[in-house]
Structures are given as C-alpha cells and as structure tokens.
Engineer: 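Sharing a structure here in structure tokens format.
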Amino acid sequence: MSDDARTDDRRTETSVLVAFGVATAGAVGFVVAYALDAGAGWMGTALSAAFLGLGYGLVAWGHGLMPPGDEVEERHVMPAAPQREQEVGAYLRERGLEVRRRGLLGVALATALGATGLAALVPLWSLGPRPGDALLRTAWANPTNPRMVTTQGRPVRADELELGGILTVFPEGHEGAADAQALVIQLGDVALRSPGRADWMAAGHVAYSKVCTHAGCPVGLYEAVQQTLFCPCHQSAFDVVAGASPFQGPATQPLPQLPLAVDDEGYLVATGDFSAPVGPGWWDHP
C-alpha cells in the first residue's frame, strides 16, 4: 500500500470522526438550547448541525472506507477459516482499504447516533402531563354540593328567576371555568321527559351544560315559548324538556344535565356532576 493511499485513508477517517463529533455536539447543543428555551433559531441550528454531521460522516465512511465497486467471487470450496481471514486481510491491505481506527470510528458513530436520537426525543417533554380523567369531570363534582354562582361570584337564589328566565352559572369558587359553565332555566311546573331524571329539577329549575356538543360553542339563546336552546354557531337546537336532546342542526348528543337542589338558605346547588362529559361528542364518543 502506497504512502499516498495511507494518507488518504487517514484523512478520510479523520473527517468521519470530525463529522460524528459535530453531530454529537449539535445534538447536545439542541438539548441545551431546548432546556434553556433559547429560541427556535438556536435549536434549529444545533439540530441541523447534528443531522448534517451524521449524514456527512456516514456518506464519507461509505465512499472512502468501504471497498469500491462490485466484487464477484467464484463459487468454490471454502478454505479453512483462519486461512480465509489471512487472504481477506492481505487483499484489503493490497487495495489500501484497511481501516486502522475501526474501533474509534464505531464508538464515534454510536455516540453520534445516540445523541441525535436523544435530541429527537427531547421535544416529547413539551407534551405535558397526561390528562387522565380531567375531561370526564368538572368542578361540579365537588362532594360538598357547590352553590350556583354568577360570573361575578354571586350565589343564585331559588326564587330570583322568573318563569322562562335563564342565567349562566358556575360552581362556587370556579367562576369562569370553561368546562363547568352551565345554563339554569326556570321552567315552572313543567315536568321533564327524561327517564330517571324527575328529581334533577329544583324549584322548577333545570340546568344544562352551556358547551355545545357539536363544536364546543356556547349555547346561549333560549326560546321560552318552545322551551328550546339554540347554538348560534351552527344552529343546533336542543329540546330543554326532553333532556336537551338535539332535534335540529349538526349536534348529535344532548347537552349534559346537572342534578339540582335547594340548600337550607334557599340557594340553588348542584348535587353532582354533569350527566356526561361536556363538549363535542368526539371527546367521549366514537
């Protein structure tokens, strides 16, 4: 093997090691930039250096340190293994293809791959905690039967709404909670046509989730004569007396209902959570 060939091989090995070093440094730099929230520019630059270094190193290894061209070997009886190893070694040395720092190259490749793989997994930290059953319950599930309050936190008395009156309410202490917003409606002596929910009314009041089951819009329009709730976004209509079942528009699920009662001081309270998870049907339905 000529001195020039040895020099070229050593240069190729060095360039591969440098490329894998750049890939490792870029991957580590990405993790650091991500942890410090250094911005998309630094993270993008570091990740680009990692992939470019890894790609260049692999290409240089393949072109400069692997046997070139196609090798065809006639089929014949294989000699003893030690003899064959000697022949292959001699062949590679003659062709100038002997890699002298194979172990170091392997370590550099493994380090670069590991660091780059770690950098690709780091963004998983941004997914945050699992939601658990947070979408299945609201603040109305408080075992102390929370009072219904207005947006300003004022408790709602059982005698303040006139017949056909409607009011947006929240559980006490959770004013403004988007998933807990509800509509309480004064129906008077009207009986619900919802099996098993005859005792969910209190002093003529009924309460439903204000979040539409179609796309999550606020259901805020009430027609007292027809006893119908309307969603202004996509014109879904819900029959209040029939458990807020939809009969018009794209909504396919009824509005979840709250069981009501009146406490000893004459205020409306909820005796449990909504009858179903609030929001669009795709949260809990196929």
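Predicted model only: the values in this text are computed from it and were never measured.
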Engineer: Kindly determine whether N145 and D263 satisfy side chain to side chain contact (heavy atoms under 4.5 Å, CB included), including the steps that lead there.
Structural biologist: CA-CA 9 Å; N145 296 344; D263 66 10; over 6 Å; no
Engineer: Hey, can you tell me if H234 and H214 have their rings parallel, tilted or perpendicular (30° and 60° cut-offs)?
Structural biologist: perpendicular
Engineer: Take V16 and L109 through the test side chain to side chain contact (heavy atoms under 4.5 Å, CB included) and record every step on the way to the result.
Structural biologist: CA-CA 9 Å; V16 171; L109 174 60; over 6 Å; no
Engineer: Can any side-chain N or O of S236 pair as donor or acceptor with the backbone N or O of A251 at less than 3.5 Å?
Structural biologist: yes
Engineer: What heavy-atom pair brings W140 and R147 nearest, and what distance separates the two atoms?
Structural biologist: CZ3-O, 4.2 Å
Engineer: Does any part of the side chain of W200, heavy atoms only, come nearer than 4.5 Å to the side chain of S194, both counted from C-beta?
Structural biologist: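 Side-chain contact under 4.5 Å: no.
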Engineer: Looking at T213 and Q253, would you say the former's side chain and the latter's main chain have a donor-acceptor pair under 3.5 Å?
Structural biologist: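 Side chain of T213 to backbone of Q253: a pair is present.
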Engineer: For the pair T228 and F247, evaluate side chain to side chain contact (heavy atoms under 4.5 Å, CB included) and give the outcome as yes or no after the intermediate values.
Structural biologist: CA-CA 10 Å; T228 300; F247 63 89; 3.6 Å; yes
Engineer: More than 12 heavy atoms of other residues, nucleotides or ligands under 6.0 Å from OH of Y222: yes or no?
Structural biologist: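 Correct, the count exceeds 12.
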Engineer: Taking the side chain as C-beta and beyond, is there a heavy-atom pair between C217 and C231 under 4.5 Å?
Structural biologist: yes
Engineer: Which atom pair, heavy atoms only, marks the closest approach of N142 to P146?
Structural biologist: O-CD, 3.6 Å
Engineer: Determine the minimum heavy-atom distance between A119 and F30, stating which atoms define it.
Structural biologist: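 For A119 and F30, the tightest heavy-atom pair comes out as O-CE2, 3.1 Å.
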Engineer: Between D273 and T138, do the side chains contain a donor N or O and an acceptor N or O under 3.5 Å apart?
Structural biologist: yes
Engineer: Quick one: which of L54, L113, T111 gives a side-chain contact (heavy atoms from CB on, under 4.5 Å) with T24?
Structural biologist: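 Of L54, L113, T111, side-chain contact (heavy atoms from CB on, under 4.5 Å) with T24 is met by T111 alone.
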Engineer: Would I185 and L229 satisfy side chain to side chain contact (heavy atoms under 4.5 Å, CB included), going step by step from the backbone distance to the final call?
Structural biologist: CA-CA 10 Å; I185 306 169; L229 280 169; 4.1 Å; yes
